[in-house]
Amino acid sequence: MAVAAENQSQPPQNDLPYVLILKPPAAFSIFGDHFFHSPKFQFLKAFESPLPLSQFLLTHAQSVQAILTSASGSVTADTIRLLPHLGLVVTTSQGINHIDCSECRRRGIAVAGAGTIFSTDCADSAVGLLLDVLRKVSAANRYVKQGLWSSQGNYPLGNKLGGKQVGIVGLGSIGTEVAKRLEAFSCSISYNSRSKKPSVPYTFYPNVVELAVHCDALIICCALTDETHHLIGKEVLSALGKDGVIINIARGPIIDEKELVQCLIKREIRGAGLDVFEHEPDVPVELLALDNVVMSPHNAVCTTESLEELRKTVVGNFEAFFSNEPLLTPVPLDDLPHLSACSW
């Protein structure tokens, strides 16, 4: 058995450089593990080895030059320190909170992400969730499918989106795309971000509580960092008020989920549209019975079309690295917020 385990841990025998995969990206389950194939590098799949991860990494420490990861696969300082020839970490996600960027910066290791590939998909989903919650689309759909229309009469009316005051938490590439879409609904847009953006016409609030006071809906688009963990808690939700709606297409832990559940049960806010959760894939059971909550399984991030763009970007980053050419979507490591260690 020991010989079999040793054989399974050995990389393919050719001269192509090695890219380590700690956990399979979600795209593998959809398209297969050939999805990111290239004739210029080969994958070393730790998740297929019977060896403990630490032993696997020690066995191949001298071979690994790059890592492919995703939002569900943490690249920690301990992992990085075991790989002396590591020069690049590529993530299939737009967020990078699962990578120890401080250690990468210290070691001179480059990081590349998905860039803005997913921004439009996320923005579409955010506005879709907001429309769904306000107009009660999913709840009304269930009402009709359960045969209740004919027996109980018309379903309660929803609320219009047009003209609403919408606050965006995090006016980066996704938040900006959300704002563009909401302008078409004649919404009044305000935002909170790490700093005021002089180039946009929207009202800036340096405090999220103050933003919530002035909004009918809050859309969470910011990165998960130590500073944004549980940024949305009881105080913000209370400020949003009983007619307020919250949408989260960013990361689950940005919202204090326990507080949100209680606010929704007690109808202290109007409703919520949630694509992400604090302990995925587990969802609070209390939410399942609430008609004022619309949920999706962390898939706002992409579509079939954007996954194809992701494939080209990931492969292109690795091929550029191994050819000593500039990366396609490098992540600047010099001015990052302090990221917490922790899709696609």
Side-chain angles (χ1 to χ4, degrees), residues 9-49 56-57 59-76 79-80 82-101 103-121 173 301-334 336 343-344:
S9 71
Q10 294 301 312
Q13 299 299 311
N14 59 48
D15 295 330
L16 294 176
Y18 294 116
V19 174
L20 172 67
I21 307 179
L22 298 170
K23 294 180 67 176
F28 277 17
S29 64
I30 301 172
F31 300 105
D33 58 8
H34 62 280
F35 186 62
F36 296 118
H37 172 76
S38 167
K40 296 187 178 181
F41 57 85
Q42 60 187 317
F43 289 124
L44 193 59
K45 302 170 185 175
F47 58 90
E48 290 185 349
S49 173
F56 182 89
L57 293 178
T59 301
H60 302 294
Q62 301 301 317
S63 302
V64 174
Q65 298 181 49
I67 291 177
L68 172 62
T69 188
S70 63
S72 63
S74 296
V75 180
T76 65
T79 296
I80 293 169
L82 288 173
L83 303 171
H85 302 297
L86 182 65
L88 173 66
V89 177
V90 175
T91 179
T92 60
S93 62
Q94 191 155 332
I96 54 172
N97 61 293
H98 53 294
I99 301 170
D100 193 320
C101 290
E103 184 65 16
C104 288
R105 179 170 49 204
R106 190 184 71 81
R107 286 270 308 273
I109 297 167
V111 176
T116 59
I117 289 172
F118 299 138
S119 296
T120 56
D121 289 338
S173 61
V301 69
C302 61
T303 56
T304 302
E305 293 86 351
S306 60
L307 274 182
E308 175 58 22
E309 288 301 310
L310 176 67
R311 185 192 65 78
K312 295 176 183 177
T313 300
V314 167
V315 172
N317 274 312
F318 283 126
E319 291 184 347
F321 173 72
F322 291 122
S323 301
N324 294 314
E325 296 175 355
L327 299 176
L328 302 184
T329 54
V331 175
L333 300 181
D334 295 330
L336 288 171
S343 92
W344 291 92

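Computed from a predicted model, the values in this text were never measured in an experiment.
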Atom CZ of Phe56 and atom CG of Leu82: how far apart are they, to the nearest 0.5 Å?
12.5 Å
Check ring-ring contact (aromatic ring centres under 6.0 Å, His included) between Phe41 and all other residues, then give those that pass, not counting sequence neighbours.
Phe43, Phe318
Quick one: closest heavy-atom pair of Ser93 and Phe118, and the distance?
CA-CE1, 4.4 Å
Exam field: side chain Ser323 to backbone Glu319, donor-acceptor pair closer than 3.5 Å
yes
Donor-acceptor list for residues 20-30 side chains, cut-off 3.5 Å, not counting sequence neighbours:
from: Lys23; atom 1: NZ; to: Ser72; atom 2: O; distance (Å): 3.1
from: Ser29; atom 1: OG; to: Ala26; atom 2: O; distance (Å): 2.7

With a 4.5 Å heavy-atom cut-off, do Val111 and Val75 have their side chains touching?
no
Please step through side-chain hydrogen bond (donor to acceptor under 3.5 Å, both in side chains) for the pair Ser173 and Thr116, ending with a clear verdict.
CA-CA 7 Å; Ser173 61; Thr116 59; 5.9 Å; no
Spatial distance of atom OG1 (Thr303) from atom CG (Leu310) [nearest 0.5 Å]:
10.5 Å
Straight-line distance of Leu333 CG to Glu103 CD, nearest 0.5 Å
12.0 Å
Roughly how far, to the nearest 0.5 Å, is CZ of Arg311 from NE2 of His34?
9.5 Å
Option passing side-chain hydrogen bond (donor to acceptor under 3.5 Å, both in side chains) with Ser306 (candidates Thr313, Asp121, Thr120)
Asp121
Start with the C-alpha gap between Leu88 and Leu327, add the side-chain angles, then the distance that decides, and say whether side-chain contact (heavy atoms from CB on, under 4.5 Å) holds.
CA-CA 10 Å; Leu88 173 66; Leu327 299 176; 3.8 Å; yes
For the OG1 atom of Thr92 and the CD1 atom of Ile117, what is their distance to the nearest 0.5 Å?
10.0 Å
Before you tell me yes or no, could you show the steps for Thr91 and His98 under side-chain hydrogen bond (donor to acceptor under 3.5 Å, both in side chains), namely the whole-Å CA-CA distance, both residues' side-chain angles and the distance that decides it to 0.1 Å?
CA-CA 9 Å; Thr91 179; His98 53 294; 2.8 Å; yes
Rounded distance (nearest 0.5 Å) linking atom CG of Asp100 with atom CZ of Arg106
9.5 Å
Closest non-hydrogen atom pair between Leu328 and Lys312, with its separation:
CD1-O, 4.3 Å
Qualifying residue for side chain to side chain contact (heavy atoms under 4.5 Å, CB included) with Phe322, from Val19, Leu16, Asn317
Val19
Give the minimum heavy-atom separation between Val89 and Cys104, together with the two atoms involved.
CG2-SG, 4.3 Å
Could I get the full list of ring-ring contact (aromatic ring centres under 6.0 Å, His included) partners for Phe321, not counting sequence neighbours?
none
